[in-house]
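Working notes, beginning with the structure itself.
Chain A is the first sequence line, chain B the second, and so forth, proteins listed ahead of strands; every chain is numbered from 1.
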Protein chains: 2
Amino acid sequence: MNSRTAQDLLDAHIHRERLKHTGQRVVVLQTFLSAEGHVSIDQLLQDCRKVAPGIGHATVYRAMKLFVDAGIAIERRFQDGQTRFEPVNPEGHHDHLICTVCGVIVEFEDPVIEERQHEVARANGFRTTHHRHEIYGTCLDPSTCARRPSLTA
Amino acid sequence: MNSRTAQDLLDAHIHRERLKHTGQRVVVLQTFLSAEGHVSIDQLLQDCRKVAPGIGHATVYRAMKLFVDAGIAIERRFQDGQTRFEPVNPEGHHDHLICTVCGVIVEFEDPVIEERQHEVARANGFRTTHHRHEIYGTCLDPSTCARRPSLTA
DNA sequence: GTCTATGCAAAGTATTTGCAACGTT
DNA sequence: AACGTTGCAAATACTTTGCATAGAC
């Protein structure tokens, strides 16, 4: 999602809910959009403080919740205990491949799996709303893998 | 997994690691095995206390970690913040369908999806070790769905 | 007797909430 | 002026850890 769309979605949501525009929300939004996907609150807070030193952690939590409501961000929880956020992708969702050694997160999307999930749900008397699919493994190329910092470090 | 196998695995692990057999571990193991899958620590603690009133929560946490190490239990985290445990299934793993209204958790296993995951991983230069796949949706049958207590309630 | 396990309380994480001061409209 | 927002601190929820005592071997 580009900065333009995100800002429009936020404006619309703020107007709809009778909320207010604030400097902090602009900072959190810009920081969030310029971070590479899958940012943790902690990382986000640190980055925001480079621009707005006085910003509090509760503000970042509250802003991210607002962005989720506004349709700008998606909340993700992997296995490391921290909630991470990524920008909504208007062209559709994707799932994740995660290396347990170096922590790199790769996005994927597979129509066969998507299709099959709906069939499985239907066969069990469910209507699918969303899903979570994470494949854990290790990078086959040790040279690039070993150099990246681990997710759990 | 039956009680017999679980006990054997635990005995083996205890012997291997030079640990000790204790009454509490027996209680937690029996309680865990007789609970239907996906028990939370909290539920487990309450159930254990029916049999052994003095048992502490730390003991249950420690016992479950031990069972995971022994290959008896698997740790699962769904979206509700609590860690849940289920017995290891020796015939292979399965994934989950979860109703967001009533909270019922149904297990599924689909060879097409399994196969496809490995291909996706390979295509991205990964070797799969494990994965997590949860499909969220709603029960199509409202009569059974509405009667069950919600996961998030 | 040695060394692990237990129960309690305290500490640690991640996140949420109460509240007075502040900023937006 | 009215009301949502902020930053702080306190509260909450879940899990882990320190420590003295109890129990297994």
Contact under 4.0 Å: B:T22 side-chain N or O vs D:dG23 OP1/OP2: no

Atom pair distance, as rounded to whole Å: NE2 in B:H15 and P in C:dT4: 15 Å

N/O (side chain, B:Q24) to phosphate O (OP1/OP2, D:dA22) under 4.0 Å: no

Would you kindly compare A:A58 and B:G23 by the position of their nearest DNA chain C nucleotide and give the one closer to the 5′ end? B:G23

D:dT5 C1' sits how many Å from A:H13 NE2, rounded? 14 Å

Would B:H94 and B:E107 count as having a side-chain donor-acceptor pair, cut-off 3.5 Å? yes

Measure the distance from CZ on B:F67 to C1' on C:dA5 and round it to the nearest whole Å. 13 Å

Side-chain N or O of A:T83 versus OP1/OP2 of C:dT15: is the shortest distance under 4.0 Å? yes

Consider only side-chain N and O atoms of A:T5 and A:D8, and report whether a donor and an acceptor are under 3.5 Å apart. no

Gap between atoms CZ and C1', on A:R49 and D:dT6 respectively (whole Å): 13 Å

Donor + acceptor pair across side chains of A:H133, B:E134 (<3.5 Å): no

For A:E114 and A:H93, which I'm curious about, is there any donor-acceptor pair between the side chains at under 3.5 Å? yes

I'd like to know if A:E119 pairs up with A:R116 as an ion pair, taking the criterion as any Lys NZ or Arg NE/NH1/NH2 lying under 4.0 Å from an Asp or Glu carboxylate oxygen. yes

Taking only the side-chain heavy atoms of A:H21 (C-beta and beyond), determine which of D:dG18, D:dG7, C:dT25 contains the nearest atom. C:dT25

Side-chain-base donor-acceptor pair under 3.5 Å for A:R62 and D:dG4: no

When you measure from the side chain of B:Y61, which nucleotide among D:dT15, C:dT6, C:dC8 comes out closest? D:dT15

Rounded to whole Å, how long is the line connecting atom CG of B:L45 with atom P of C:dC8? 10 Å

Nearest-angstrom distance from the residue atom CD of A:Q82 to P of C:dG12: 17 Å

Nearest to the side chain of A:H57, which nucleotide is it out of D:dT5, C:dT16, C:dT6? C:dT16

Rounded to whole angstroms, how far apart are CD on B:E17 and C1' on C:dA5? 15 Å

For B:K65 and for A:K20, find the nucleotide of DNA chain D with the closest heavy atom, then tell me which residue's nucleotide is more 5'. A:K20

Give the rounded distance in Å between these two atoms: CG of A:L66 and P of D:dT6. 9 Å

For the side chain of A:R25, starting at C-beta, report the closest nucleotide among D:dT6, C:dT15, C:dT6. D:dT6

